[in-house]
Amino acid sequence: MGKRKKEVKQTPSLFDRARNELFSQIKHCGVLQATEDQKDVWFKDTMEYMAKRYPGVTKDQLSELNELGRRFCEPVRSHGVQSAQLAEGSS
């Protein structure tokens, strides 16, 4: 019988934990259905909260979190042959 490899569990970085929490908050708070102005206010407040909750996350990382979160809120875009055909037909 072969030896079992030990599973190495890697602890998520502080940035990873902050990102995961941000995505979770986005999914649960209703910001996905908000207007752009409401999203701007929500992200401003949430980034202030994240800075306090994760003081080890740098300003550059907070900026990256903000960008990732805003992209996460964007509507899904269709890709592929069907969407290309639809786009061509609508022009």
Side-chain angles (χ1 to χ4, degrees):
M1 278 208 234
K3 293 183 180 179
R4 285 188 166 192
K5 291 184 181 180
K6 276 191 174 181
E7 268 190 49
V8 178
K9 292 187 180 184
Q10 191 172 18
T11 304
S13 71
L14 186 63
F15 178 82
D16 291 338
R17 292 195 320 261
R19 183 201 58 225
N20 294 345
E21 181 175 337
L22 176 63
F23 288 172
S24 179
Q25 287 182 20
I26 289 169
K27 289 192 298 186
H28 292 99
C29 77
V31 75
L32 293 171
Q33 291 80 29
T35 65
E36 286 306 312
D37 289 341
Q38 291 169 331
K39 285 179 185 177
D40 289 342
V41 171
W42 187 88
F43 271 100
K44 179 185 176 294
D45 293 346
T46 301
M47 289 301 108
E48 288 174 5
Y49 164 79
M50 297 298 275
K52 290 176 187 171
R53 179 156 168 77
Y54 298 96
V57 172
T58 67
K59 286 184 181 184
D60 286 343
Q61 288 174 319
L62 284 171
S63 178
E64 186 178 348
L65 282 175
N66 185 46
E67 184 179 329
L68 289 170
R70 287 179 180 273
R71 273 196 261 146
F72 189 74
C73 289
E74 290 178 4
V76 176
R77 296 182 194 146
S78 297
H79 296 286
V81 174
Q82 276 188 321
S83 62
Q85 289 170 345
L86 290 172
E88 287 174 11
S90 65
S91 8

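Keep in mind the model is a prediction, meaning the values are calculated, not measured. Numbering starts at 1 and runs along the sequence shown.
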For this session: May I have the step-by-step check of side-chain hydrogen bond (donor to acceptor under 3.5 Å, both in side chains) for E21 and S24, ending in yes or no?
Result: CA-CA 5 Å; E21 181 175 337; S24 179; over 6 Å; no

Exercise. For the atom pair NZ (K27) and SG (C73), what is the distance rounded to the nearest 0.5 Å?
Worked result: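 K27 atom NZ to C73 atom SG measures 12.0 Å (nearest 0.5 Å).
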
For this session: Could you give me the CA-CA distance, side-chain angles and deciding distance for E48 and K44, then say whether salt bridge (charged side-chain N to carboxylate O under 4.0 Å, His left out) is met?
Result: CA-CA 6 Å; E48 288 174 5; K44 179 185 176 294; 2.9 Å; yes

Problem set entry | Sub-4.5 Å side-chain heavy-atom contact between M50 and V57 |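 M50 does not reach V57 side chain to side chain.
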
Group every Ile, Leu, Val, Met, Phe, Trp and Tyr by side-chain heavy-atom contacts under 4.5 Å, then state whether [X] and [Y] land in the same group.
| X | Y | result |
| --- | --- | --- |
| L62 | F72 | yes |
| L32 | L65 | yes |
| Y49 | F23 | yes |

Exercise. Quick one: does Q61's side chain have a donor or acceptor within less than 3.5 Å of a partner on T58's backbone?
Worked result: yes

Exercise. Hey, does the side chain of Q38 reach the backbone of T35 with a donor-acceptor pair shorter than 3.5 angstrom?
Worked result: yes

Problem set entry | Steps toward side-chain contact (heavy atoms from CB on, under 4.5 Å) verdict (D37, W42) | CA-CA 9 Å; D37 289 341; W42 187 88; over 6 Å; no

For this session: Indicate the atoms forming the closest heavy-atom contact of V31 with K39, along with that distance.
Result: O-CE, 3.3 Å

For this session: Walk me through it: do S63 and N66 pass the test side-chain hydrogen bond (donor to acceptor under 3.5 Å, both in side chains)?
Result: CA-CA 5 Å; S63 178; N66 185 46; 5.9 Å; no

For this session: Could you check L22 against L68 for side-chain contact (heavy atoms from CB on, under 4.5 Å), going step by step and ending with a plain yes or no?
Result: CA-CA 9 Å; L22 176 63; L68 289 170; 5.7 Å; no

Exercise. Taking it one step at a time, do R70 and E74 satisfy salt bridge (charged side-chain N to carboxylate O under 4.0 Å, His left out)?
Worked result: CA-CA 7 Å; R70 287 179 180 273; E74 290 178 4; over 6 Å; no

